[in-house]
2 protein chains.
Amino acid sequence: MIDLLDLAAELVDVPSESHQETALADLFESRLHSASHLAVHRLGDNVVARSEQGREHRIVIAGHLDTVPANNNQGARIEGDRLYGLGACDMKGGLAAQLATALAVNESAVDVTYVFYSCEEVAAQHNGLKQLFDLRPELVVGDVALLGEPTSATIEAGCQGTLRVKAVYKGERAHTARPWKGLNAIHRLGRVLESLNSYEGRRPVVDGCEYREAMQAVYVEGGVAGNVVPDEATLTVNLRYAPDRSPEEAQSHVAEQLQPYDELIIDDHAQGAMPALGHPLLRTLITRNELEVRAKLGWTDVARFAEHGIPASNFGAGDASIAHTRNEFVERHEIELVHSALLDLLTTGVD
Amino acid sequence: MIDLLDLAAELVDVPSESHQETALADLFESRLHSASHLAVHRLGDNVVARSEQGREHRIVIAGHLDTVPANNNQGARIEGDRLYGLGACDMKGGLAAQLATALAVNESAVDVTYVFYSCEEVAAQHNGLKQLFDLRPELVVGDVALLGEPTSATIEAGCQGTLRVKAVYKGERAHTARPWKGLNAIHRLGRVLESLNSYEGRRPVVDGCEYREAMQAVYVEGGVAGNVVPDEATLTVNLRYAPDRSPEEAQSHVAEQLQPYDELIIDDHAQGAMPALGHPLLRTLITRNELEVRAKLGWTDVARFAEHGIPASNFGAGDASIAHTRNEFVERHEIELVHSALLDLLTTGVD
C-alpha cells in the first residue's frame, strides 16, 4: 500500500505557489487518469475527476493545489512521522489523503467528484473553484462536499461569514490653535472605538456547533497636516458572523455599531455557511469515525459550496493554527485518519 | 506723502514665494539705502537696517518677505480702499507700513532695527530670522520687538507654544476570526480619543491677555491587512499651550493625556512667549494709540525673539483669519494705523 506521508512529501516537492500550479495540476491529472472509474476534466490548472455509477448520493471531495509564497521553506523534509515544508499543512497533507482515496477505490457505494483547484490563497477573483462554478457548474455539483483544509482531522462544520466595511467620519478643518472653529474628525472615532473595544460577540449554537462572532477594527486613517484639525477620518472594520445571521442582518448590525458615520462603504462581503450536519453522508462520516465536530470560525470555500446549495464541511490533515507559517508541518496519523475515513465512506456508503 | 495702499500693491506685484524672495529683498535693500540714518546689511535674502543714534532703547521692527504658494491670486488688485492679491494680508500690508516708517524718519527718539527676512512660511530650518539669530545675532538684538504679522492693527501679545507628539500603541496580531488570541492596537485608541474629545483647555489670563489652550489629534494611522488584528496604531496630537506653562510641563501634560501609550516621540516643539506688555516701549505704543490687546493663540516668530530674551508682540495690518486664503486682502486704514503708530513711537519715544 502507498505510504501517505511519502505521497504528501512528493506533493510538497512540486512547487505550487498560487498562479504557478501547472506542474502539480499535471501530476494530479496524470495520476487520476489511471483510476478507471473516474472521468478526468481539466480547466486551466483545475482538475476534476468524476465517477458515474448512478448512485443515489454524490459526494464532492475538494482541495486547493496552491500554497502561499515560499518563506525559505521549500521542499519536503520528513522527521519521524512528521512532514515539514511549504504547503505540508495547508494543504498537501489533505491532498495526499484525497488523491490516495481516488486511486484506491475502483467502485464506490456513492458517486464521487474530486475537485483539485488553483488559487485559493489569493484574491477571490482568481479562485479556481469559483471559476469552475462560473464556467462548468455541472462538473462540481453534488449532494454534499468535503473540503480538505487543515482541521486536525476533525470536522469543522459550516463557516462564519466575513464582512469588511469602511466608515467615513467627516469634520471641519481649522487651525489647531483655534480648534473650536472646526470639528475634529479623528476625535469622532473615540466613541466608536470604545464600543468596539467592549464589543461582546454572540456565541450561537447552530446544529450543535458553537460559533463565535467578532468585530475588529483593521485599519484607521486620518490627518491633513501637523497644525490642522482634520476634516476626515476613516475606520475599516471586519465582522465575522455566525451562519445563523443573514448577510443583510450582518450589514445592518455593523452599520449600527459604526454610528454616527457620514459614509459607509462595503469593502468585501462573503456570507457564511450553515453546518448542515444533518445530511446522511456527513452524519455517517462523523458517527462511524467518531469524529470531533467544531464550528469553523474562519471563512473557507465551504461557503462557496453552500452558496450553490451544497452542504459542506472542512475535513483535512494538519493544524490550522500553523498554516502559512514557515515551519508548518503535518502528522502521518492525521493524513491516514482522513484517508481511511474517506475510503470507508466511499466503499461502505450511507448507514 | 506716500500712498500706503499703493506701496503695498507694489510689494504684492513683486512675487516672493518662500525661497524666491531675492527680487523683493533687492527692492527693500535699495529703498533702505536711501534712508541716511540706517546702516543696511544683507544676508542671503534677509535685509537688516539699523540706526545708530545711541538712544536708551532699541526697538526691532520685523516682517517676513515671503508668501505661501500662489493660488491663482498673483498680482495686486485695488478695489476702493482694499488691496487683493497673494500676500496682501500676510504680510505685505504690514511690510508697507514698516518700510514707509523706515523711509519717513530721519532721526528717531529710540534706536530702531528693521528686519525683513525670508522663509517664514516654510519649515523652521529655512527661517531667515533664525539664520540671523544663528549667524549675526548682533544685528537683530534689541529691547523689544514688533512683528508685522496680520493682527487687524491690534496688539497680539506673546504667543502660545506648540508641541506635536506621536504616541505609539502596541497590540498583538491575530486572525480577525479569532481576535481573542491577539490584542487590537486600534481599539486601544478609543479611550484616548474620547478623552481628547472632552478635553477642556485652560484659559489662563497672563498680563491681562486671555490665552486658550487646545489639544487636538492631527494624524491617526494603523492596520496590517483586512483580516488581521492590528498590532500597532499611532496617534499624533498637537498641544497649543499658554506661555505660563513651561515646555517641560507641556510635555508631561501631553504624556499624561496619551496614557497608556507604549512609545512617545516628540515630533516638534516650539515654546511660547510671555506677553511682556510691561515694557515701556510696548506700553507707550498701546496707550498712546489706544490699541486693543489680545492674546496670540498661534505660534509666531515672536517666540523666537522671546527665546533670545527680547519681549515681542505681533502688530500688523490684515485679518489673520483670511491669511493663506485665495482671496486674502488688506484694508488701507489698517496699514495707515500701523504706520502712524510706529512713526509716533519712533519720533516721540517713551512716555
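Letters go in sequence order (proteins before strands), and every chain restarts at 1.
- For Gln125(A), the CD atom counts as densely surrounded, since its 6.0 Å shell holds more than 12 non-hydrogen atoms of other residues, nucleotides or ligands.
- For Arg178(A), the part sitting under 4.5 Å from any heavy atom of chain B is the side chain, from C-beta outward, and nothing else.
- The candidate from Glu194(B), Arg188(B), Lys181(B) with the greatest count of non-hydrogen atom pairs under 4.5 Å with chain A is Glu194(B).
- Proximity to chain A is absent for every atom of Trp299(B), based on heavy atoms less than 4.5 angstrom apart.
- Applying the salt bridge (charged side-chain N to carboxylate O under 4.0 Å, His left out) criterion to Arg240(A), with sequence neighbours excluded, gives no partner residue.
- Listed by sequence position, Gly226(B), Asn227(B), Val228(B), Val229(B), Pro230(B), Leu235(B) are the residues of residues 226-236 of chain B in contact with chain A, using a 4.5 angstrom heavy-atom cutoff.
- Along residues 208-222 of chain B, the residues that come nearer than 4.5 angstrom to chain A, judged on non-hydrogen atoms, are Arg212(B), Ala214(B), Met215(B), Gln216(B), Ala217(B), Val218(B), Tyr219(B), Val220(B), Glu221(B), Gly222(B) in order of number.
- Residue-environment remark: CZ (Arg294(A)) exceeds the threshold of 12 foreign heavy atoms within 6.0 Å.
- Options Ala225(B), Ser198(B), Pro179(B), Ser195(B) differ in how many heavy-atom pairs under 4.5 Å they form with chain A, and the most are formed by Ala225(B).
- Side-chain contact between Leu189(A) and Leu189(B): absent, with no pair of heavy atoms (C-beta onward) separated by less than 4.5 Å.
- The shortest heavy-atom contact between Leu297(A) and Ala177(B) is O-CB, 3.7 Å.
- Residues of residues 150-176 of chain A that come within less than 4.5 angstrom of chain B, heavy atom to heavy atom, are Arg164(A), His175(A), Thr176(A) in numerical order.
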